[in-house]
Amino acid sequence: MPELPEVETIARGVDQRLRLDRIVDAWFSSHPQPFKTPRTSQAKGLAGRIILGVHRTGKHIVCELGPAAPPNPSATAQPWEGRAAAPSKTKAHAQPDAQWIVHLGMTGRLLVTTPDEPIAAHTHARLSLLSGRELRFVDPRRFGRLEFRELDLRDRGSTGAFHAPGAEPLSIDADEFAALFRGRKLAIKAALLNQTLLAGVGNIYADESLFHAAIRPRRAAGRLTRAELERLRQALRNVLQQAIKLGGSSVSDYVDAGGARGFFQLEHCVYLRTGEPCRRCGTPIRRILLAGRGTHFCPRCQR
DNA sequence: CATTTCACCTGGTGGC
DNA sequence: TGCCACCAGGTGAAAT
């Protein structure tokens, strides 16, 4: 489900709730698909580690993890009875030396729950935490992926050790943005969806940003004028920022880390509005197939 | 190399 | 109610 705004919302929600909490134990389902790193390695690698912070890159959620053994020897002697994610100065200064990387695929959810919360169907991971809560990964279609990696010495302490390959649409400048599409013959919509060019744009925000930039999805990426590309860059940035403000788009079942729905679906101008009147000109929104994806646009506003 | 197509999954919806 | 076709936020491998 999740594109950049949804993934950002979830990452922030998990970060707020679980920063400086500690993973006590990890359970995983027996389905093989979600595990980019073998389940057993993940379970072994995660157990006992502290969560130093959680952030987004592209459509990936990255949990920065610290050592399993508390750096303060006196803390080792204390039983793990703390209920809150009680931060201590030593913990706060610890450097990440491992990462848990979550990709939600189409239907993945990452939820912070109480342990008594009923286990949803298609739950593939449950991390129990020192605070008594759980971090759960639920994914009916199993397109999501979980990965655990230890950082080598070179990457220690740098929160950027894992990067999505493409550029970040919220921070890319006009020159870099234009360069991404130069000489390319594929449709601009297909280019927007290519994660090695731009990281984080999916079907909803590709369609919505092309509408706001008044550009037809089928236009060849390399044939757009500099002015059109700049319109597109700003439209994309505005749409993504607004969507983050509204907690993402809940089209069918998206919810954030606390189970709350987003509201940006109320602002959609074209996505899943086939046949409905364009919000700007009243012309019925058209749907075509492009790059194998449903593609929605206004035939009058978008040229 | 650039680009397109398809397989991977389950579930919801709407037509008959 | 059942059955079926079609649709769905993503991506990576295979084909072109």
Side-chain angles (χ1 to χ4, degrees), chain A residues 1-11 29-36 56-61 101-111 120-124 137-147 164-166 169 179-210 217-223 236 239-240 243-244 246-257 261-276 285-296:
Chain A
M1 17 148 108
E3 304 180 30
L4 186 152
E6 291 77 30
V7 177
E8 178 71 30
T9 301
I10 292 169
S29 78
S30 55
H31 284 103
Q33 295 95 333
F35 304 102
K36 202 164 169 181
R56 173 198 67 79
T57 174
K59 293 175 187 170
H60 300 267
I61 298 164
I101 300 161
V102 178
H103 193 292
L104 298 169
M106 288 269 263
T107 52
R109 293 181 176 196
L110 198 58
L111 296 163
H122 309 292
T123 297
H124 294 107
F137 174 67
V138 180
D139 184 12
R141 286 174 78 176
R142 280 177 261 139
F143 289 170
R145 294 293 179 264
L146 303 176
E147 177 181 2
L180 293 179
F181 305 106
R182 202 162 293 145
R184 298 193 175 270
K185 292 181 175 172
L186 80 172
I188 183 61
K189 158 122 184 207
L192 287 174
L193 294 176
N194 182 340
Q195 299 298 299
T196 63
L197 262 34
L198 275 179
V201 182
N203 210 32
I204 295 176
Y205 300 100
D207 281 4
E208 291 298 314
S209 61
L210 285 167
R218 280 224 219 260
R219 293 274 303 283
R223 290 238 169 98
L236 183 56
V239 158
L240 293 173
I244 291 169
L246 296 183
S249 298
S250 286
V251 169
S252 60
D253 57 2
Y254 160 76
V255 290
D256 70 14
R261 293 168 59 83
F263 294 95
F264 193 74
Q265 67 280 6
L266 303 173
E267 308 291 320
H268 290 177
C269 290
V270 289
Y271 181 74
L272 288 190
R273 293 192 67 242
T274 312
E276 292 175 47
I285 298 304
R286 191 177 295 172
R287 178 185 187 275
I288 60 175
L289 211 57
L290 198 164
R293 321 295 306 277
T295 297
H296 316 78

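Each chain gets a letter, A, B and so on, in the order the sequences are listed, and its residues count up from 1.
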Does A/R261 have more than 12 heavy atoms from other residues, nucleotides or ligands lying within 6.0 Å of its CZ? yes
Distance test, side-chain N/O of A/Q33 to OP1/OP2 of B/dC9, below 4.0 Å: yes
Span that lies between the C1' atom of B/dG11 and that of C/dG12, in whole angstrom: 23 Å
Please determine whether a side-chain nitrogen or oxygen atom of A/R293 lies at a distance below 4.0 Å from atom OP1 or OP2 of C/dG10. yes
Are A/L240 and A/E8 side-chain neighbours, meaning at least one heavy-atom pair lies under 4.5 Å? no
Decide yes or no for A/V270 and A/T295: does some side-chain heavy atom of the first lie under 4.5 Å from some side-chain heavy atom of the second? no
When rounded to whole Å, the CD to C1' distance for the pair A/E3 and C/dT11 reads 13 Å
Between atom CD1 in A/I288 and atom P in B/dT4, what is the gap in whole Å? 13 Å
Between atom CG in A/N203 and atom P in C/dA8, what is the gap in whole Å? 7 Å
For A/Y254, the option from A/T107, A/I10, A/L104 that meets side chain to side chain contact (heavy atoms under 4.5 Å, CB included): A/I10
For atom CZ of A/R145 and atom P of B/dC9, their distance in whole Å: 9 Å
Between A/R273 (CZ) and C/dC7 (P), how many Å, whole number? 19 Å
C/dC6 versus B/dC6 - spacing of their P atoms, nearest Å: 15 Å
So do A/R109 and A/D253 actually touch side chain to side chain, heavy atoms under 4.5 Å? yes
Under 4.0 Å from OP1 or OP2 of C/dA8: is there any side-chain N or O of A/R287 that close? yes
Closest approach to the side chain of A/R184, judged atom by atom: which nucleotide of B/dT3, B/dC8, B/dT10 is it? B/dT3
Integer angstrom distance from the P of B/dG12 to that of C/dT11: 23 Å
Nearest-angstrom distance from the residue atom NZ of A/K189 to C1' of B/dT4: 15 Å
OP1, OP2 of C/dT11 versus side-chain N and O of A/H103: anything below 4.0 Å? yes
Is A/L192 close to A/F181 at the side-chain level, that is, under 4.5 Å between some pair of heavy atoms? yes
For DNA chain C, produce a single dot-bracket line, 5' to 3'. Pairs: Watson-Crick or G-U wobble, both distances under 3.5 Å. Symbols: ( ) within strand, [ ] crossing, | other strand, . unpaired. .|||||||.|||||||
Does B/dG11 have OP1 or OP2 sitting under 4.0 Å from an N or O in the side chain of A/H122? yes
OH/A/Y205 to CG/A/L210 distance, rounded to the nearest 0.5 angstrom? 14.5 Å
Just to be sure I understand the rule, does A/Y271 reach a base, reach only the sugar-phosphate, or reach nothing, if contact means heavy atoms closer than 4.0 Å? sugar-phosphate
In terms of side-chain heavy atoms, does A/H296 have a donor or acceptor partner in A/D207 at a distance below 3.5 Å? yes
Rounding to a whole Å, what distance do you find between A/F143:CZ and B/dG11:C1'? 12 Å
Closest to the A/L272 side chain, choosing from B/dT3, B/dT10, C/dA8: C/dA8
When the distance from CG of A/D253 to P of C/dC7 is rounded to whole Å, what number comes out? 19 Å
Under 4.0 Å between a side-chain N or O of A/R142 and OP1 or OP2 of B/dT10? yes
Considering just the side-chain nitrogens and oxygens of A/K185, establish if one lies under 4.0 Å of OP1 or OP2 belonging to B/dA2. no
Please classify the nucleic acid contact of A/G202 as base, sugar-phosphate, or nothing, using heavy-atom distances under 4.0 Å. sugar-phosphate
